[in-house]
2 protein chains.
Amino acid sequence: MSRPRDAAATKAALLDAATKLFGERGFDRTTVRDIAGLAGVNQALLFRYYGSKDALFATVLATQSRELLEDSPAEHLLRNVLLRIMEERPRPEDHPLYAVLRSSHHDSAAEVVRRQMGEEYARALSSLTDAEDAELRADLVLAWVVGIGVLRGVFGKQPLADADATTVTALVTQAASVLLEHTRLG
Amino acid sequence: MSRPRDAAATKAALLDAATKLFGERGFDRTTVRDIAGLAGVNQALLFRYYGSKDALFATVLATQSRELLEDSPAEHLLRNVLLRIMEERPRPEDHPLYAVLRSSHHDSAAEVVRRQMGEEYARALSSLTDAEDAELRADLVLAWVVGIGVLRGVFGKQPLADADATTVTALVTQAASVLLEHTRLG
DNA sequence: CCCCCATGTAAGCATTCGCTTACATCCGAC
DNA sequence: GTCGGATGTAAGCGAATGCTTACATGGGGG
């Protein structure tokens, strides 16, 4: 009367359950009993295989962030990212942003997102303008994308949450172009 | 050997301490003992005057957002909120956004207050345009504010985190005016 | 003066949490 | 076959948390 003796499958089940629950509820409101329960695994095994709840959380973040970003040409980055966030309905909890936002106290969590956002999104966006404060402008556009994701995925704010993706994309790119347009010819 | 018998002052001290701690740590990582300790008040009084930790959190959110909404006409709401959020030394007690972002609260009194806050802000912003999709546009501007708060307060993203408040405010209001301007004469 | 209730205090209760321990059971190596 | 480590299970421990209760006390009204 016990689950199949398969350590790898047990570890994977725990990681999957943790990924889902941390993303939905955040770190604090997810208990090790919840994770083990969803995984169908005795909770003592969580500690045998991952050491602690903290370490499991770090593993979740590391695993997720590795799969996060794929390259997009800079000119289409904003549009592509927006469309993805707007269409991410089916499994929004997969985006590491949600786990991190709901667990903002966690140093390693904020660190992961900070590094990725800084080195990928913002740099690509900043190449779209030649203004002196290009990086700040890129941060502001990035903030917009993040904010839209938060209002939709975390708060469920209407009418934004159910708005048409192309409409939103058009409005945002139109307004953001004020910040990202090239002022000098190039 | 007891504090002065002044119920109003005690309630205010509790509210101030709660506002600060909820903003810094979020709901879950703030304990009623922390709040009472910072306020210099016996923790039983917290329950006597506010009923529960949940109700106190809701009171904090309601109080903060009411203050900000009341003394900001719609035309200046975006600017004032941005200036607060981008203040040089981030003081989490200055804006309820930080408390909300650090607290992933569902099914509670605070959830209701949070939804009300979002709708009040959005309604004020949507009054600034006569476009057909005014509410969606307002949501997008609200999302921008939220995203800036996330990047700055939660993730500490540079250069945004240490950017000059007036510069950020100018850039954002300029771009947002594309969404919120009156298209028809009125 | 004295009563009484608003205010403040101290202690603890019930629950939940992360984590540990002690033990059962399976399976491959020899 | 049997031995031993790997895997799974059941139970509970100590600490922390939200909240309650029982009591002390001070100050204003009769």
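First the proteins, then the strands, lettered A, B, ... as listed; each starts at 1.
In the set dG12(C), dC17(C), dT9(C), dT9(C) carries the atom at the smallest distance from any side-chain atom of N42(B). Side chain of R5(A), nearest nucleotide from dA6(D), dC19(C), dG26(D): dA6(D). Taking the side chain of S52(B) as heavy atoms from C-beta on, and the options dC19(C), dC19(D), dG26(D), the nearest nucleotide is dC19(D). Proximity note for R33(B) (side chain, C-beta onward) versus dC19(D), dT7(D), dC19(C): the nearest is dC19(D). Side-chain proximity of A44(B) to dA10(C), dC19(D), dT9(D): nearest is dA10(C). Residue V32(A) has its side chain nearest to dG18(C) when only dG18(C), dT21(C), dC26(C) are considered. Of the candidate nucleotides dG18(D), dG18(C), dT7(C), dG18(D) has the atom lying nearest to any side-chain atom of F47(B). Considering only side-chain atoms of R48(B), the nucleotide from dT7(C), dG18(D), dG8(D) that sits closest is dT7(C).
To the nearest angstrom, C1' of dG8(D) lies 16 Å from OH of Y50(A). Following rounding to the nearest Å, D34(A) (CG) and dC17(C) (C1') show an atom-to-atom distance of 11 Å. In this structure, the CG atom of L21(B) is 12 Å from the P atom of dG18(D), given to the nearest Å. Residue R25(B) contributes atom CZ, which lies 14 Å from atom C1' of dT17(D) at whole-angstrom precision. Rounded to whole Å, atom P of dC19(C) lies 8 Å from atom NZ of K53(A). If you measure from atom CG of D28(B) to atom P of dT16(C), you get 16 Å, rounded to the nearest angstrom. Distance, D6(A) CG to dT25(C) C1': 16 Å, rounded to whole Å. Spacing between atom CG of L14(A) and atom P of dC19(C) amounts to 14 Å, rounded to whole angstrom units.
Taking a cutoff of 4.0 Å between a charged side-chain nitrogen and a carboxylate oxygen, E111(B) and R114(B) qualify as a salt bridge.
Under the side chain to side chain contact (heavy atoms under 4.5 Å, CB included) test applied with V81(B), the options L69(B), I148(B), L68(B) reduce to a single match, L68(B).
How far CG of L125(B) is from CG of L140(B): 11.0 Å, rounded to the nearest 0.5 Å.
Y49(A) comes within contact range of the sugar-phosphate backbone alone, with a heavy-atom separation under 4.0 Å but no base atom that close.
At dG8(C), one or more side-chain N or O atoms of T10(B) fall inside 4.0 Å of OP1 or OP2 (strictly under the cut-off).
Each of Q43(B) and A8(B) was matched to the nucleotide of DNA chain C holding its nearest heavy atom; the match closer to the 5' end belongs to A8(B).
No hydrogens or angles considered: a donor-acceptor pair under 3.5 Å links the side chains of T166(A) and D164(A).
In this structure, F57(A) and F22(A) have perpendicular ring planes: the angle between them is above 60°, well past the 30° mark.
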